[in-house]
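Working notes, structure below.
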Amino acid sequence: EEEREEKRQEKVQNIPLSELHPFRDHPFKVVDDDKMQETVDSIREYGVLVPIIARPKEEGGYEIISGHRRCHASELAGLETVPVIVRHMDDEATIIMIDSNLQRENLLPSERAKAYKMKLGAIKRQGKRNDLTSGQIGPKLESKRSNAIVADEAGASIKQIQRYIRLTELIPDLLDMVDDKKLNFNSAVEISYLPPEEQHLVHETIVSEAHAPTVAQAQEIKRLSQKKELSDDTVLSVFGNKEDSRVKMPDTQEPIAEEAPKPKTLNIPMERFAKYFPNRSEAEITEMIFKVLDSWHHHMKKMRNDHSR
C-alpha cells in the first residue's frame, strides 16, 4: 500500500517525449506560428519552466493533459525529455485540459465548439458518479445542470454554449469554412441541422456560387430540409434570392448575444474592511480593493498563460 501511495504522489519527473501522447480527441490545434517559435526559442535558452501535466495510459506511456504546445516546442528545440507531473485522473482530466486551453486568445470557432462539447460530456459523466469531487473544479453541483456549469465558467449564456456545440454537427468542409470566416457563425448553426448529405450539397453550392448563404437563406434551407424539399434546384433558388423577409439574425461570425441580465450587486459592510485599511476613507478603501484585485487577476492570467504553453 505504501509503494502504491508513493507512486501516486505527485512529483516532477523527466520523461522522454516519445512516451508522451496527445490527449484523446484534443480539440485545440498546435500550430507552428510566430508564438510557437517564441516558445521554441525560450525553451532552447531556459528549458521547460512549467512542467507538463500528464496521466498514465493503460497500454503504457502518458496522455498529456496540459502542455501540448510545450511538448511540440520541445521537440522542435531538440529536447529528448521534458519535466512532467504525473496525475491519476478520470473525467476531471478532460475538464482541466479544456479549461487550461480555453484561456488562450484567438481560439477558432471549431476549437471552442469541440472544447465545450467535451467539457459538457465530462461534467455529465462526473455527475453520474457519486464518488467524484474535484478540488480543481469545485464540488459537484447536484442541482445545477451541466450546460449551466459550462456556461457560467465560460462567461456565456447557455444558449451561446448550445449554439457553439451545434457546430460540431457540421461536416468538416463547412466547419473549416467557419474557421476561415467564409461562412458566418449563425448561418452555420442553421445548416448544422441538415443531414450530412444535404450539408455536402450546401457546401458544393457555396463553392460553385462563390458566396455563402445569409442567415435568412440558411433558415430557408433548413426549412426546406425539414419539409423534405431540399434539392439542387431548391438550394440554387435560395442562393439566388437576395432578399428574404424572414431575417431573424444579422450575419456575424459570433453567436448572437442574449439580452444582458441586470447587473447584480454585492453588499458588504464597509467596516469589514476597516482592519485592513485603517484610517482610510470609503473611496480610498474601494480604490485599494480594486488595485489588489487587479494585481491578483494579472497574476492568475499569467499563470494560466504559462500552463497553456
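Checked by atom type and distance alone, the side chain of E209 never pairs as donor or acceptor with a backbone atom of I206 at under 3.5 Å. At least one donor-acceptor pair closer than 3.5 Å links the side chain of R44 to the backbone N or O of L76. The backbone N or O of V215 lies less than 3.5 Å from a partner atom in the side chain of S187, making a donor-acceptor pair. Between the side chain of N184 and the main chain of N186, a donor-acceptor pair closer than 3.5 Å is present. In this structure, H68 contributes its side chain and F23 its backbone to a donor-acceptor pair below 3.5 Å. Looking only at distances, no side-chain donor or acceptor of R55 sits under 3.5 Å from a matching main-chain atom of E63. Although no hydrogens or angles enter the test, the distance criterion places no donor-acceptor pair under 3.5 Å between the side chain of S42 and the main chain of E38. Side-chain atoms of E169 never come within 3.5 Å of backbone atoms of S192 as a donor-acceptor pair (strictly under, hydrogens ignored).
Ion pairing between a basic and an acidic side chain is recognised when a charged N comes within 4.0 Å of a carboxylate O; R125 and D90 show no such pairing. The residues E229 and R223 are annotated as not salt-bridged, no charged nitrogen and carboxylate oxygen being separated by less than 4.0 angstrom.
In the displayed structure, D33 atom CG is contacted under 6.0 Å by more than 12 heavy atoms of other residues, nucleotides or ligands. With a 6.0 Å radius and a threshold of 12 heavy atoms from other residues, nucleotides or ligands, E58 has its CD atom at or below the threshold.
T205 pairs with exactly one of L236, D232, I221 by the side chain to side chain contact (heavy atoms under 4.5 Å, CB included) rule, that one being L236.
Residue M97 holds its CE atom at 9.0 Å from CD1 of I65, rounded to the nearest 0.5 Å.
With sequence neighbours left out, K29 forms a salt bridge (charged side-chain N to carboxylate O under 4.0 Å, His left out) with D179.
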